[in-house]
There are 2 protein chains.
Amino acid sequence: MPRKVDHRERRELLADALMRLAAAEGLEKVSLRHVAAEAGVSTGMVQHYFRTKDEMMTFAYDMVTDRILERSMAASPPETPREVVRSLLLQVLPLDETRRLENHVMLAFLAYAAVKPSIASELREPAAAMRGFLADKLREAGAGHVDPERAAAGLLALVDGLGLQVLSQQYAEEQAVAALDAQLALLFGRP
Amino acid sequence: MPRKVDHRERRELLADALMRLAAAEGLEKVSLRHVAAEAGVSTGMVQHYFRTKDEMMTFAYDMVTDRILERSMAASPPETPREVVRSLLLQVLPLDETRRLENHVMLAFLAYAAVKPSIASELREPAAAMRGFLADKLREAGAGHVDPERAAAGLLALVDGLGLQVLSQQYAEEQAVAALDAQLALLFGRP
DNA sequence: ACGTTTGCAATACGACTGCAATGTATCGCG
DNA sequence: CGCGATACATTGCAGTCGTATTGCAAACGT
């Protein structure tokens with residue numbers, strides 16, 4: 001049995017347990033032992049697949065960003081640029097359980113990255129990519145009277161902030177969607 | 001000597017040490033001993049003024065929110081509603097060292113509150129107050145074509161998101177200010 | 001067939017944690 | 001002048017943490 005395991009699969013199993021734990025009890029409760037218990041395995045196995053805790057953490061973070069991008073690309077049949085922009089931004093908001101989990105992990109990692117410059121740099125590249133993609137779509141949509149780059153950055157900051165407020169239960173999900181749509185209406189005009 | 005100490009003052013001294021620690025090394029490094037060391041006192045004294053760690057944490061959080069509100073109220077000579085709005089929102093962005101510290105603490109607490117409903121509820125009230133205040137100013141300014149409540153919520157989410165990105169070094173300070181001004185221009189028209 | 005590698009379990013270690021208990025010095029008050 | 005309350009300091013405890021070490025069974029290469 002031992003030789004025949006998929007490394008990637010095991011690591012994702014453990015990272016999923018980590019996410020559940022982080023979303024339910026906070027990042028501070030994430031320890032090798034707790035992750036092992038949540039996943040129903042021994043702590044030794046966790047150590048086998050992640051040599052250090054930091055390795056486990058960054059793997060989980062990378063997994064989350066990958067999944068968000070993946071999902072954003074997936075659910076996009078040929079639509080107008082405006083619809084693409086909206087559906088992408090909706091993928092970032094915590095509107096269902098998986099996205100809630102992802103937002104929790106992202107938030108925890110952002111708080112961590114705010115203090116560890118090494119993590120912060122790793123985080124900068126995918127964010128810039130997404131901003132560029134958004135800006136292109138905005139240009140296509142021809143929201144002529146605003147700078148696309150700035151508008152893209154503003155939209156991303158907006159959904160980040162909205163996600164923050166939804167997670168901390170200051171704001172309901174529908175209100176967040178409404179706020180996003182209001183901003184899109186401001187940029188594009190009424191649909 | 002013992003009887004003649006100002007309780008509030010001592011607690012703020014300790015909370016300041018906590019903030020410095022949280023901003024420099026992350027919330028996870030905040031422990032009774034570290035706070036004591038940072039403040040240059042014994043851990044016993046910390047225990048004397050905060051019976052539990054949670055008590056210390058919530059005090060620090062309350063202190064931060066109080067200071068932000070205080071500062072927002074203070075630096076407001078009679079101005080146009082638009083200027084009031086802008087200066088208030090600028091008070092939230094991490095544009096100098098004290099505000100950077102405060103943003104760090106707020107971020108860490110938000111991540112914490114996303115998991116502890118009890119903290120989240122304590123956090124909801126001042127946020128709603130600020131939103132209401134902002135909405136009033138927007139009404140005064142007569143940005144007629146948008147719902148003031150929604151615009152206020154959107155602006156707060158925007159500065160939250162911008163703060164997040166500035167802290168995690170994805171975005172420079174001037175860019176954040178520019179993004180805010182762009183949004184204000186969108187709402188109010190060119191100054 | 002067999003030794004090496006891989007997958008995992010169990011345990012031990014030193015550092016650190018929040019917290020309680022205890023001791024001691026200093027003040028206000030009767 | 002006492003005497004209780006306040007303001008600390010010191011120490012100890014039970015627990016958790018990340019990590020290193022060791023052990024062992026199963027699969028593979030030869």
What integer distance in Å separates [X]:[atom1] from [N]:[atom2]?
X: Tyr49(A); N: dT19(D); atom1: OH; atom2: C1'; result: 19 Å
X: Met45(A); N: dC8(C); atom1: CE; atom2: C1'; result: 8 Å
X: Met56(B); N: dT17(C); atom1: CE; atom2: C1'; result: 12 Å
X: Arg11(B); N: dC8(D); atom1: CZ; atom2: C1'; result: 15 Å
X: Leu27(A); N: dG18(D); atom1: CG; atom2: P; result: 11 Å
X: Leu13(A); N: dG7(C); atom1: CG; atom2: C1'; result: 15 Å
X: His48(A); N: dA25(D); atom1: NE2; atom2: P; result: 17 Å
X: Leu21(B); N: dT17(C); atom1: CG; atom2: P; result: 10 Å

May I ask you to say whether Arg100(A) pairs ionically with Glu97(A), meaning some side-chain N is under 4.0 Å from a carboxylate O? yes
Salt-bridged, Arg99(A) to Glu102(A), with N to O below 4.0 Å? no
Closest listed nucleotide, where the reference is the side chain of Gln47(B) and the choices are dA21(C), dC8(C), dT19(D): dA21(C)
Taking the side chain as everything from C-beta on, heavy atoms only, tell me whether Glu55(A) gets closer than 4.5 Å to Phe59(A). no
Hey, does Arg67(B) have a side-chain heavy atom less than 4.5 Å from the side chain of Glu12(B)? yes
If you compare every side-chain N and O of Arg10(A) against the phosphate oxygens of dC8(C) (OP1, OP2), does one of them come in below 4.0 Å? yes
Tell me which donor-acceptor pairs under 3.5 Å the side chains of residues 163-174 of chain B have, and how far apart each pair is, sequence neighbours excluded?
| residue | atom | partner | partner atom | Å |
| --- | --- | --- | --- | --- |
| Gln165(B) | NE2 | Asp160(A) | OD2 | 3.3 |
| Ser168(B) | OG | Leu164(B) | O | 2.9 |
| Ser168(B) | OG | Gln170(B) | NE2 | 3.2 |

Among side-chain atoms of Thr52(A) and Asp54(A), is any donor-acceptor pair under 3.5 angstrom? no
Reading nucleotides 12-17 of chain D from the 5' end, what letters show protein touch, with B for base, S for backbone sugar-phosphate only, - for no heavy atom under 4.0 Å? B----B
